Amino acid sequence: MTTVLQNVVFPTITDPDVLPLYADPESWSEVDGKPLRLTAVASIDNVLSRHSTRVRAGKRVSYATYFNAFPASYWQRWSVVTDVTLQVTTSGPGTVMVYRSNAAGALQQVAATTVSGEQQRSAFDLPLNKFGDGGWYWFDLVAGDGDLVLEHGEWSTEAEPTTPGKLNIGMTTYNKPDYCVQTLRAIEGSPALVEAIDQVFLVDQGTLKVRDEAGYAELQEALGDKLRVIEQPNLGGSGGFSRSMAETLKRDESDFLLLLDDDIEFEPESALRAHQFARFSRTPVIVGGHMFDLYDKPVMHAWAEIVGDEAFNWGPSFPEQHRHNFRNANLRQTPWMHARLDADYNGWWMCLIPKKVIAELGLSIPVFIKWDDAEYGLRAKAAGYRTVSLPGVALWHVSWLDKDDSQDWGAYFHTRNRIIAGLLHSTRPKSGRLLQNSGRQDIKKLLNMQYYATQLAVDALRDVLKGPEVLHATMAQSMPEARKRAEGFPETRVYRPGDEDTPVSRGGRVIPTLDPDPQSPAGTQLALYTLKNVPKHWLRKEAEAASIEPELEYPKREAFWWRVPSHRSVIVGTADGAGKMWYRHDRAKFRRLLKESRALTREIEKNWDALAEQYRAAMPRLTSVEEWERTFTGRS
């Protein structure tokens, strides 16, 4: 039986910015080591349909692209598929050329065929036996003396899947009904995906209900009993995704759960690819999708993310992956993209988890948001289940650049949940550099007069010491309590255009430099910086109540943590551009929070081994379906 693993697809929206993810220009060169586009022949105007595109006479277009190349190394490493068949249906004169690459990005032509003016299907049998460390397959189209039309393309196999079950989709939302309806519409518009789905669980935890959104009723009718909306109190991402996990365990028809965030734009072909990869995997694997920036669509967040064991922090496995822009360099121009990169975890903006893994490992840790996905990936890895962030599987998500979640109420969860994850999984004595790094983050916030964020970090440290037994009990209250804390911190107010009491700086506004690589203090320079500035802030006498006139106004992009501390009072733009925030020095808060942060950090370090034992012993019960069911229903 032939199974399609991956269709050749094109964007359904007429947005030239996304085209580099689907089709590449004819030729590139290099100037000073940087790729330079010489000829741009792949045009959005030549996209004819979801599966069809045109190459103009005499031109050449490569499909060595994120969504249309075949990630051979990942399939060889993780699946039972030993060879694939590329089938390309064309109309018009020209040549179909098939290429492969190795882990270093070196290119090699492996096949070519001439096609005529009639509709013609070309098939290429391609082995998956020389991609141990990396490499891809793809094809180019070269048009002859007339236009060459790609009618359809697909990558398929005759292998049998190891796990043939259907797919569930679990979406969690809080007051984003418009995004959810858009995602449901994308699902409904893909008949192949609808056929693969057993259930769509839409866990609605907001006050703006998805069922009341325009267009929802029609989608409910179209999807029928495949769509189930579950309304429950706001338990954050971990509560919403855990609900989908619990419901999946009840379904005999499905073997996989695909988790999706709410503020996304969905590429339905990616869900099909993740499902097929999981079905053919040699052993169960978690299949992650990459995240592109919803507001800058060719820019990717990261390719493969890990948790560094020394400082126990998340991030890309090497810096070049971070925010890669496919406008500037596509697959052929980016050698590191050809190496197979392994991940520790994948963000739950898009992540497929086999039901077998959920049944063995349990549900999410009850931490509301932040680190639930990373902790689950580490838990799975410890149990022998790996995470594969699979190229060609992706969506578009609101960027972190447009959020202040390390400074608003999310600061509580960043601190608490990172330490909890470290207690569960760190292999270093006394956490390695985790607590040291966390303490430095508190000092950085204090020097930047972000007292609210530091207060939340202090609250988080105190709550870590309370132990794991309070996690379920405080799920619904932790976020509202963190937000309520803002009342005592005037820097949390956002001054919007038109506010009559908006502060004005006497020194004007800093002129943006847009330095692409700002150099922060590091090493000895950082130590000297800290020794100089901490005593200075400790001794300053001003308080917020003095309403110190702002000295300068900083654009958000220029408000670096090593610049702001030189001032007593500054205005800083918000990440989303909605307004301004006013930071003022307060000696009393600085002293109190610094002392509390240091004392609580030392207490956690002193009791690290006992706390780790306590949290690790409690996790099997706290991540169990039974414990989560009590939280879902509000039973004690």
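This is a predicted model, so every value here is computed, not measured.
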| Who passes ring-ring contact (aromatic ring centres under 6.0 Å, His included) against W561, sequence neighbours left out? | Y529

| remark: Contacts of R485 meeting salt bridge (charged side-chain N to carboxylate O under 4.0 Å, His left out) (sequence neighbours excluded), chain-then-number -> D459

| task | With sequence neighbours left out, write down each residue that passes salt bridge (charged side-chain N to carboxylate O under 4.0 Å, His left out) with R77, or none if nothing qualifies. | result | none

| task | For K176, enumerate each residue passing the side-chain hydrogen bond (donor to acceptor under 3.5 Å, both in side chains) test, keeping only those at least two apart in sequence or located in another chain. | result | none

| side-chain hydrogen bond (donor to acceptor under 3.5 Å, both in side chains) against S389, all qualifying residues, sequence neighbours excluded | N346

| said: Show me the pairs that pass side-chain hydrogen bond (donor to acceptor under 3.5 Å, both in side chains) and involve residues 601-614, at least two apart or across chains. | reply: none

| query | Does the Y376 side chain pair with the main chain of G362, one donor and one acceptor, at a distance under 3.5 Å? | reply | yes

| remark: Contacts satisfying ring pair (Phe, Tyr, Trp, His ring centres under 6.0 Å) that involve residues 453-474 (not counting sequence neighbours) are H472-W628

| query | Are the aromatic rings of H567 and Y554 close, with centres under 6.0 Å apart? | reply | yes

| query | Sequence neighbours excluded, which residues qualify as side chain to side chain contact (heavy atoms under 4.5 Å, CB included) partners of V534? | reply | I443, L447, T530, F590, L594

| query | By salt bridge (charged side-chain N to carboxylate O under 4.0 Å, His left out), which residues pair with K580, not counting sequence neighbours? | reply | E553

| Aromatic ring proximity, centroids under 6.0 angstrom, H290 and H301 | no

| Who passes ring-ring contact (aromatic ring centres under 6.0 Å, His included) against Y385, sequence neighbours left out? | none

| salt bridge (charged side-chain N to carboxylate O under 4.0 Å, His left out) partners for R282, two or more places apart | none

| Pair H324 and W336, ring centroids less than 6.0 Å apart | yes

| request: Using the six-membered ring of F489, assess whether NZ or CZ of K589 lies under 6.0 Å from its centre and within 45 degrees of the ring axis. | output: yes

| query | Does R243 have any side-chain hydrogen bond (donor to acceptor under 3.5 Å, both in side chains) partners at least two apart in sequence or in another chain, and if so, which? | reply | Q232, E247

